[in-house]
Each structure stands twice: as structure tokens, then as C-alpha cells.
Amino acid sequence: MNFIEQIVEDDLANQIHEGRVHTRFPPEPNGYLHIGHAKSICLNFGLADTYGGQTNLRFDDTNPVTEDTEYVDSIKADVRWLGFDWENEFYASDYFDTLYAFAETLIQKGLAYVDDSTAEEIAVQKGNPSEPGQESPYRNRSVEENLELFRQMRAGAFGDGAKVLRAKVDMASPNMHFRDPIIYRIKHAHHHRTGDAWCIYPMYDFAHGQSDSIEKITHSICTLEFIPHRPLYDWFIEKLAIFPSKQYEMARLNLTYTVMSKRKLLQLVHEGHVTGWDDPRMPTISGLRRRGYTPESIREFCERIGVAKRENMIDVGLLEFCIREELNRTTDRVMAVLDENPIRLVITNYPDGQTETMHIENNPEDPSSGAREVPFSREVYVERDDFMEIPPKKYFRLAPGQMVRLKGAYIVRCDEVVKDADGTVTQLNCTYIPESRSGSDTSGINVKGTIHWVSVAHAKEAEVRLYDRLFQVEDPSSEEGNFKEYINPNSLQVIRAKVEPNLGQRQIGDRVQFIRKGYFAVDQDSTADLLVFNRTVTLKDSWKK
RNA sequence: AGCCCGAUAGUAUAAGGGUAGUACGACAGAUUUUGGUUCUGUUUGUCUAGGUUCGAAUCCUGGUCGGGCUACCA
């Protein structure tokens, strides 16, 4: 049980809200969701699920300048894809009237004032953490004057930045957020939902907690950086005498070899370091989806990383473990030779022109998956990596004089190596053992190595995109200089490959295991003529030369 | 400097005063027609100094280290 669940159970035991649990997931629609959001989504929806509560999806859309419906749509699609359904779909902008009324209430109580100071002046007034701030010269305007001014602000009488509404709290507080925080600012900007109805917009601190309260949220979960905001959150709720939602903070997710801030991800997209928010190298939900990750694997990951207050850096290997674990159970095995120009293996004692149909099991982990037919003939492609002219001691693959099994077919022995003018190996002449046919092997020969292959006469061409980590260092954000200096220049390698003919039936999004190579998903760029595969993750490889 | 948060194997995360456990990783072995999977085993930990207590990872105090706070962003 994590500490949040502990709090919920305590509250339940104490009948805090008549045993009601109501959470919310509050994204700002100014970017795509990433794996860090998935942690929050799983926690919030998971809590409601575990304790019989509800979860609202609420867009925190109080800054029209950066927000857009494109993001609203992608966020909804991503949450659904992750497997969650919200009780209500709300927008902070739904509450603009209420929030405005709250502001007037505060003014009337003498707890807010209109300030004509500039941003710079306000910054100076705030002082610094070790010294108290100074009061604004406008701090003691009368209630009537403040009301009048605020109404004029709303009516559009002033330009952007001319005035702000500030809460009157405590300019000497050691908590900087208490030093008369700005709660409304003037922005003559078009809002993606309210259009031009407003020219003043509430700040986060004057919108989030109140929205929670309006929705009667019982447990409002956010990340650690909001801890200093909590006293303010409580202060507004107390002064406004509204439903007492409570805020709890957990550590955000950090993953090795990537960045997780929306600002940085936005840069990667806008500056073309990746192809878009859904680039398979991105830690976004849409990127992971395109990469071949499943919702189940992401939920499993979120389950395993836990929830706590200490800052953490999760090894991306754990995410990979989660997807391998699922794909191992669920995907068909197929053969693909991932080489631009693979080695041609010629079986000299196999009849020219003959084709045999091999029946190869789809998934040894799942007997119900059945078998498929794979054509075998005299010439097959094999991986360049599966041959070494001078092999090290424990090399189980092809080498002069060495025998291997061609997966699902015969055992062959390498007799002769053919090279081109540059000395590059182009062909291996082999002989096969006729009695070693898979499933009816009477040869009595035991080979250590089994390799995959694709019949030359039947092979289909495919494009394969091999992805590696986007960054070369574990924590790009903590390194010297700009994080972009640490982008991995080899994070994407696009190659042509030879694949089994029956792969032509696959649809976009389908996942397979290329035997001995990894898990791959059919990309949306696939056409009728050319399948495109994204490598989701490699297989574990315990072979060390 | 002031205030706030945190500290348990390499990485995460449990243990609510009573045997420090789990997962991932790493290493070793077994099985294997994927050097995959599976199975078995091994490895490594309570930041520090005091205090309270029969007993402290847990409670208290000081220190150390890490992080946050001084946007008309959220």
C-alpha cells in the first residue's frame, strides 16, 4: 500500500466525506500526455476503482495563450487508450463565472485588491525568501474602489498587464506564495472554449483548488513542486468557506535516458529532433503507442514503480521488462532477416527449384496460437551477425565447418565461404542433413545453435525502424549545458529487411516477435507495397563474446 | 540565508515500536529447435550522532546530503 492509499483508507475509516472518494486528473491542454502523466492517471483512476469512487477528467485551461483543442483531443484519446473512463469531463473554464464571483467575494471581505504595479515592481515587492517583502502602494484601496476597478478589468477597460488582482495575505511570510499572490491577470486572448468572453483569467492558485472544491474532490493529488502552494490552496478554501478538498503531493516520475518536461518535449518536436509528439522515441503516450507499447504494459509499469514522496529516477529497463513480459505471452513469432544485404545461404545438396512448407509454431508460450506455414527452399537469407569466419570459443552460429539448425527446418553445415572482390562474405555454401527435418528429426545430431532465415524466393521486403534511447546520458536535464547536446545521434536506424511472406496479412498496430531480434509493431506509415515495422524493444541478450 | 520536502541493496518500493521483505538489474547453474521464455541459487541496504524504549528503519533532537520555493506558467 502506498502512502496515498494509506491516507484514503484512514479517511474512509474516519468517515471523512461519508466514505466518499473522488479524484481528478487535471491536465493542462498545452501538450501531449507522457508516461509521467500515466503514473498520475493510473493513481487517480486506480484509487477511485479500488475504493469505489469516481474520477473526473478536468482540463486546467486557465491560460488561453498556450492551450489548444488539439491537445484536449489527444489527451482524451490517450486516457481512453490507457483504459480509463472518466466520470465527468470538466474544464476550469466552465467555472470562470464562479471563480469571478469568488474573486469579488474576496474583495468584499477585504482580502483582495487591484494592483497597478508592473510585473517588475511586484517582483521587487516580493523580496526574497530570507527577507520580508514590501507592501504594494495600492494594497489599501477601499473595497468599493477595488470592486469598481476589478469590474472595469473584466469589462476590458485596461490593456494586458495594466492591472492585476492580488490576494491580500502576508508580505512577510516565509512562504513566497503567501506574499500577496496574483490571482487574476488581464489577457486579451482568445480562449479555445470561452472564445472572447473574457479578458481576465484566473491564475493556477485561484483556479485549481476552487475547481477541486466545486467538484467536491476529496483527494487532490499533484506533484511535489506544489507543496508550497498547499497553504494557499487551503487559505482560499477557508476564506471562501467552500468544500474542503485536500491536496496531497507525490514525486513525479523520471525515466533514465529521456526527458519528461512538456517544455523540453515541445522543443524536441518544434525543433525537429523527432518527427512529432508521436515519434516512437518520445516518452509520450502517443509515442509509446506507436512504438508498440500496450496499455496493459504501461499500467503494469505504473503499478511497479510505486508512489512515494522521494525523488526518483526509474530505470527505463523496467518499462522494457513490462512490455517484454506481455509481448512474450501474446505475440506470434515470425522470422525476419534484418540486414540491408544479408548473407545468402545456399544448400548445395538440396534440389534446385524445390519448395517445402514448414509448419512452425506461432508462440511456444501459447499453444492455442497454432502454427503457420513457412516456405523453405534451396536458398535462404540469414543474418550477417549469424556467421563468423573466425569464431570465438562459444559461438554457436555459423562458421566454416560448423553446424546450426535453421529454425523449424533442417540442420545445415557450412562448407564454403564465398566473398566478393572487397572480401565481404556474400554467400555460404552448405549441405543439409535430410533426416534432421524439424519435427521428424532422426539424425541424432545435436546442435547448439538455431538461427532464423527467410527463403530467398519467397521473401518480402519490409522497412524496419530500429530505435534506441533518445539521449546518451541517464539524466540529460542534470548535465552541464543544454539537454539537447546529449541527444543520441543514433536513436533511429532505418533499414530494409527480408521477412516471411505471410507477414503481408498484418495490419497497422499489429505486434510480432521477430525471432531472436525483438518485438516489432506495424507502423502507420505502412503501405500496400511496403510494410514498415517499429522495433518496440529488443529481446534480452545474455550472449557476451 | 529563511521556509518547506525527502533520505531503506545498483534502481525503485514495503515493513504503522518486535525476524529488514518484494520487484527490476547483476552474477552463477538447469532446461530450451529463439544465446528468448521458464526454473533454481547468489549478491548487495536502513545517511550520521545522540536520546526515549526491554526492543527503533519506524518516535524525539542535532548534523550531513539531495530537492523545492522568490512566473501576470501550470
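Just the heavy atoms: all of them, side chains too, but no hydrogens, waters or symmetry mates, feed the values below. The chains referred to below are lettered A, B, ... by the order of the sequence lines, with proteins before strands, and numbering in each begins at 1.
Using a 4.0 Å heavy-atom criterion, one finds that A:V65 contacts no nucleic acid atom at all. If you check every strand for non-hydrogen atoms under 4.0 Å, A:F321 touches sugar and phosphate atoms only. A:S117 comes within 4.0 angstrom of a base, heavy atoms only. Across all strands, A:F226 comes closer than 4.0 Å to base atoms (heavy-atom distances). Across all strands shown, A:T66 has no heavy atoms under 4.0 Å from either base or sugar-phosphate atoms. Within 4.0 Å of A:A119, counting heavy atoms only, lies at least one base atom of the nucleic acid. Residue A:N2 is in sugar-phosphate contact alone, with no base atom involved, counting any heavy-atom pair closer than 4.0 Å across all strands shown.
For the C1' atom pair drawn from B:U43 and B:U22, the interatomic distance equals 16 Å after rounding to whole Å. B:C59 and B:C69 are spaced 27 Å apart, taking the P atom of each and rounding to whole Å. Taking atom P in both B:G63 and B:U40, the straight-line distance is 49 Å, to the nearest Å. Taking atom C1' on both B:A12 and B:U46, the two are 15 Å apart, rounded to the nearest angstrom. The same atom, C1', is picked in B:A14 and in B:U19; the two are 15 Å apart, to the nearest Å. For B:A28 and B:G68, the C1' atoms lie 44 Å apart once the distance is rounded to whole Å. Distance noted for atom P between B:U61 and B:G45: 29 Å (whole Å). If you take atom P in B:G55 and the same atom in B:C4, they sit 32 Å apart, rounded to whole Å.
Pairs passing the salt bridge (charged side-chain N to carboxylate O under 4.0 Å, His left out) check and including a residue from residues 439-452 of chain A, sequence neighbours excluded, read A:R405-A:D441. Among residues at least two apart or in separate chains, salt bridge (charged side-chain N to carboxylate O under 4.0 Å, His left out) pairs with a member in residues 219-233 of chain A are A:E225-A:R252, A:R230-A:E249.
Here the straight-line distance linking atom OG1 of A:T62 with atom NZ of A:K187 works out to 9.5 Å at 0.5 Å rounding.
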Using atom names, set out every protein N or O paired with an N or O of nucleotides 1-11 of chain B below 3.5 Å, distance rounded to 0.1 Å.
from  : atom 1 : to     : atom 2 : distance (Å)
B:A1  : N3     : A:S130 : OG     : 3.0
B:G2  : N3     : A:P129 : O      : 3.4
B:U8  : OP2    : A:R310 : NE     : 3.3
B:U8  : OP2    : A:R310 : NH1    : 2.5
B:U11 : O3'    : A:M313 : O      : 3.1
B:U11 : O2'    : A:M313 : O      : 2.9

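Secondary-structure stems of RNA chain B, taken as three or more successive Watson-Crick or G-U wobble pairs (i with j, i+1 with j-1) under a 3.5 Å distance threshold, comprise B:2-7 with B:64-69, B:10-13 with B:21-24, B:26-30 with B:38-42, B:47-51 with B:59-63.
Looking at residues two or more places apart in sequence or on another chain, you find a side-chain contact (heavy atoms from CB on, under 4.5 Å) between A:P476 and A:V259, A:F471, A:V473, A:F483. By the side-chain contact (heavy atoms from CB on, under 4.5 Å) test, A:P434 pairs with A:Y432, sequence neighbours left out. Take A:P283 and apply the side-chain contact (heavy atoms from CB on, under 4.5 Å) test, not counting sequence neighbours, and it matches A:I35, A:T258, A:M260, A:L265. A:Y71 meets the ring-ring contact (aromatic ring centres under 6.0 Å, His included) test with A:Y32; sequence neighbours excluded. Listed by chain and residue number, nothing satisfies the side-chain contact (heavy atoms from CB on, under 4.5 Å) test with A:Q134 (two or more places apart in sequence, or in another chain). Every residue meeting the ring-ring contact (aromatic ring centres under 6.0 Å, His included) condition with A:H177, not counting sequence neighbours, appears here in chain and number order: A:H229. Residues passing the ring-ring contact (aromatic ring centres under 6.0 Å, His included) test with A:H37, sequence neighbours excluded: A:H34.
For the pair A:E9 and A:K187, nearest-nucleotide mapping onto RNA chain B gives the more 5' position to A:E9. When each of A:P202 and A:A251 is assigned the nucleotide of RNA chain B bearing its nearest heavy atom, the one mapping closer to the 5' terminus is A:A251.
In this structure, the CD atom of A:E28 is 7 Å from the C1' atom of B:C73, given to the nearest Å. Between the C1' atom of B:A74 and the OH atom of A:Y201 lies a distance of 16 Å, rounded to the nearest Å. Nucleotide B:U22 holds its P atom 18 Å from the CD atom of A:E300, rounded to whole Å. Atom CG in A:N30 sits about 9 Å away from atom C1' in B:C73, given to the nearest Å. What separates CG of A:N254 from P of B:G66 is a distance of 17 Å, to the nearest Å. A straight line from CD of A:E303 to P of B:A12 spans 18 Å, rounded to a whole angstrom. When the P atom of B:U70 is taken as reference, atom CD1 of A:I182 falls 12 Å away, rounded to whole Å.
The side-chain contact (heavy atoms from CB on, under 4.5 Å) with A:H191 is formed by just one residue from the set A:D61, A:D196, A:V65; it is A:D61.
Nearest heavy-atom pair, A:L253 versus A:N312, reported as atom, atom and distance to 0.1 Å: CA-OD1, 4.1 Å.
Donor-acceptor pairing under 3.5 Å is recorded for the side chains of A:E28 and A:N30.
With hydrogens and angles left out, the side chain of A:H177 and the base of B:A71 share no donor-acceptor pair within 3.5 Å.
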Whether each nucleotide of nucleotides 29-41 of chain B has a protein heavy atom under 4.0 Å at its base (B), only at its sugar-phosphate (S) or at neither (-) is summarised, 5' to 3', as ----BBBBB----
